Each structure stands twice: as C-alpha cells, then as structure tokens.
Amino acid sequence: MKKVIGAASLVVIFHVVLSLPAAAQRPPQNRVDSLFLIASSGEVKFREMVQPAIDSLAAMGAEAMPVLVAKLNTKSARDRVTLMQIVKKMGKPATPFLVTALKQADGLAVERACMGLGEVLDSAAVPALNDITAHKRWQVREQALGALGKIKDSRAEDVVVQRLSDSIGLVRKSAAVACGQLRMNGAIHMLVHMLGDDFYGARLSAAAALCSLDTATVVQAVVDSLESPNPQAGNLGCELLGKLGTEPAQEALLYQTQAKDPSRRAHAALGLLQADPSDRCGYQETYFMLESDRLVRLKIESAIANRSHGRP
C-alpha cells in the first residue's frame, strides 16, 4: 500500500525525533521507523528532510541495524534505495548485521544484504559472500558476485571463475564484470571464450573486462580464437582488437579482412578503422581494393563518414 502522510505530521515527526534527549538515542524501534519514514519519503516538498534523516540513521550505526535489516525484504523500490544509501554512509558498522542476514531463509532479504555489502565495501564480508555464490536463487548469486567485484579482494577469484559458467546469463555477466574489477589475468582465456556467449550481456561484459586486463595476453588470446566455429565470438573479437589497437591486433584484423564470411570482413575492417582512424598504416586502400561485397563497403564507408564528422 502506498505510504501517505500529511505535511504537518511529517514535519512534527522529523523535529520530535531529532530533538530527543541523549538518553533516548538508543532506539526504541519507533524512532528508527520514524526516521526511515522520513528518509524514504518521495515527496518533493519534504526533500530537505530526507538527507538529515539518512544521516541520523547512519550515525546511529549498529543500534539502528536490527530494525533496518528487518526491512531488507521490502517490495518498495524507494525503501530499497534508501536502505542502500544508509548502509553506504554507515560503512563498516553495518557489515556484521548484513553478513548475518546472508543466512536468512528469505532469498530476497539475502539478495538485498549482498547489495548492501556491495555498498559498504568491507573486505571482512568476503568469506561470507564467497559462501553464497552458489545460492539456489540466481539473483543472490548475481548480487554476491557484484559485491565481490566492487570489494576487489583476491580471495574471491576462485568463486568468480566458477560462476563464469553459471546456467543464468545475468550471473555470468556479473562474474565477467567482477573479473575485470579484480584484474584477473588468469581468467583471460575463459573471458575470450565468453565472447561467443549466447547472452549478449555476458558477451559485452566479457569484452569490457578484457579491456582492463593485460593487453598483450588478451590480444594473443583473441587472435588465437578468431577461427572459432562460433562466428559471433570472432566478430566481437575483431571489435575488441580494434579497441586495443596494438600492432599485432591490427595485423590480425588486416588478415581477417580477407575472410570468406562478409560479416567477419566487415567487423575486421571496422576494427581497423577504430584502431587506426587516420589510416596512418594505409590499410584502408588495401581492404577497399579487396572488398567485393557492396554491403560491406557501405558499412565501412558509413563508419568513415561518421568519424569524419566526429560521430562514434
């Protein structure tokens, strides 16, 4: 049910709660609930009260957390966002309560606890997060991996690699993102394999992660994969080589402009254009001269025209 509260009532609650004497600072639950009601208010006219209420709850630290943890399974998006803002500002005092919440039977509450730990960024939570990356609820696995990637603790590397082959695409995507955040060069070959993943989010996240890893190793791994029977992997590999733009990457792309598949030739040519937009190496004349497919030539000419006008 939508929360409705009158302006006068909310103002009274705000000032009464914040003016309680020091002896009353240990919550009764109703003080935390009252502050949270203000903090999660979506009314524009109350916006000046929202941040002070969030600040007050964060300052209460461990005293407020039992009441806040009980709200983790809220169905309200505004309440969820408010909870994340509070624990982020509170920091490490929230960690033990969120870690304990990971053991709840309510999967939604566990998912939100993972999200909270991803805001707190306390490495003390890593072992507990590692333990639930195989949780039966895929949303929990996704959020646990997201938190581990943000925390950037190498103790998470083994479980992150395991989730690269998860049955759910969004979990594989989260694992790929974490590989990049953790700078996991040992996962390069698995990420290159993911360039052919059947879920676009996982493919693109793998490509983005590879851009943050050791360039020479990534280029060699991608070049070795270009003849994969999965054409999607090779095409995205060409795009990635174009972004990396090293000399070996350009040589591999030039070779791919002679592939049998017109789509591969187009991706290779566009990759070369990204790697060498001013054509310092003189490749454009070479692949234009060899290209017989009208649609491929149109794609390349369009990309060149866009770049000349400052468009991506």
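Along the sequence shown, residues are numbered consecutively beginning with 1. As the structure is a prediction and not an experimental result, all values here were calculated from the model.
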Side chains of [X] and [Y] in contact at under 4.5 Å (non-hydrogen atoms):
X: L145; Y: V177; result: no
X: R141; Y: T133; result: no
X: R31; Y: E63; result: no
X: L270; Y: E239; result: no
X: D106; Y: V110; result: no
X: V67; Y: F36; result: no
X: L240; Y: V218; result: yes
X: C114; Y: L102; result: yes

> Should L272 and D276 be marked as a side-chain contact (heavy atoms from CB on, under 4.5 Å) after you check the CA-CA gap, both sets of side-chain angles, and the distance that decides it?
Replying inline: CA-CA 6 Å; L272 277 170; D276 185 16; 5.9 Å; no

Which heavy atom of [X] sits nearest to which heavy atom of [Y], and what is that distance?
X: L191; Y: A206; result: O-CB, 3.6 Å
X: Q250; Y: G245; result: NE2-O, 3.1 Å
X: L253; Y: C238; result: CD2-O, 3.6 Å
X: N230; Y: G196; result: ND2-O, 3.0 Å
X: V160; Y: A175; result: CG1-O, 3.5 Å
X: C179; Y: A187; result: SG-CB, 3.9 Å

>> Checking R112 against N73: is there a side-chain donor and acceptor pair closer than 3.5 Å?
In response: no

Side-chain donor-acceptor pairs of residues 81-99 under 3.5 Å, sequence neighbours excluded:
residue	atom	partner	partner atom	Å
T82	OG1	R78	O	2.8
T95	OG1	K92	O	3.3
T95	OG1	D122	OD2	2.9

>> For a side chain to side chain donor-acceptor pair (under 3.5 Å) check, start with the C-alpha distance between D224 and Q220, then their side-chain angles and the critical distance, and finish with the verdict.
In response: CA-CA 6 Å; D224 292 343; Q220 187 59 58; 2.9 Å; yes

> Is N130 reaching over with its side chain to a backbone N or O of V159, donor-acceptor style, under 3.5 angstrom?
Replying inline: no

> Under 3.5 Å, is there a donor-acceptor pair between the side chain of S225 and the main chain of V222?
Replying inline: yes

> Which residues satisfy the side-chain contact (heavy atoms from CB on, under 4.5 Å) test with L204, sequence neighbours excluded?
Replying inline: Y200, L236

> How would you list, by chain and number, every residue that makes a side-chain contact (heavy atoms from CB on, under 4.5 Å) with A249, sequence neighbours excluded?
Replying inline: V219, L241, T246

>> Evaluate L195 against Q232 for side-chain contact (heavy atoms from CB on, under 4.5 Å), listing each step before the verdict.
In response: CA-CA 7 Å; L195 296 178; Q232 195 164 244; over 6 Å; no

[atom2] on [Y] to [atom1] on [X], rounded to 0.5 Å:
X: H267; Y: S263; atom1: NE2; atom2: OG; value: 5.0 Å
X: N235; Y: R265; atom1: CG; atom2: CZ; value: 11.5 Å
X: D79; Y: S40; atom1: CG; atom2: OG; value: 4.5 Å
X: E119; Y: I151; atom1: CD; atom2: CD1; value: 10.5 Å
X: L170; Y: F199; atom1: CG; atom2: CZ; value: 4.5 Å

>> With a 4.0 Å cut-off on N to O distance, would you call K71 and D33 a salt bridge?
In response: yes

> By salt bridge (Lys or Arg N to Asp or Glu O under 4.0 Å), which residues pair with R297, not counting sequence neighbours?
Replying inline: none

> What pairs with R172 under salt bridge (Lys or Arg N to Asp or Glu O under 4.0 Å), at least two apart in sequence or on another chain?
Replying inline: D197, D198

Table please: side-chain donor-acceptor pairs of residues 209-217 below 3.5 Å, with sequence neighbours left out.
residue	atom	partner	partner atom	Å
S212	OG	A209	O	2.7
D214	OD2	T217	N	3.0
D214	OD2	T217	OG1	2.5

>> So, applying side chain to side chain donor-acceptor pair (under 3.5 Å) with E111, which one of R80, H135, Q143, R137 is it?
In response: R137

> Checking side chain to side chain donor-acceptor pair (under 3.5 Å) for the pair E251/Q256: CA distance, chi angles, key distance, verdict?
Replying inline: CA-CA 9 Å; E251 291 175 357; Q256 289 296 310; over 6 Å; no

> If two hydrophobic side chains count as joined below 4.5 Å and joins carry through other members, does L68 share a cluster with L108?
Replying inline: no

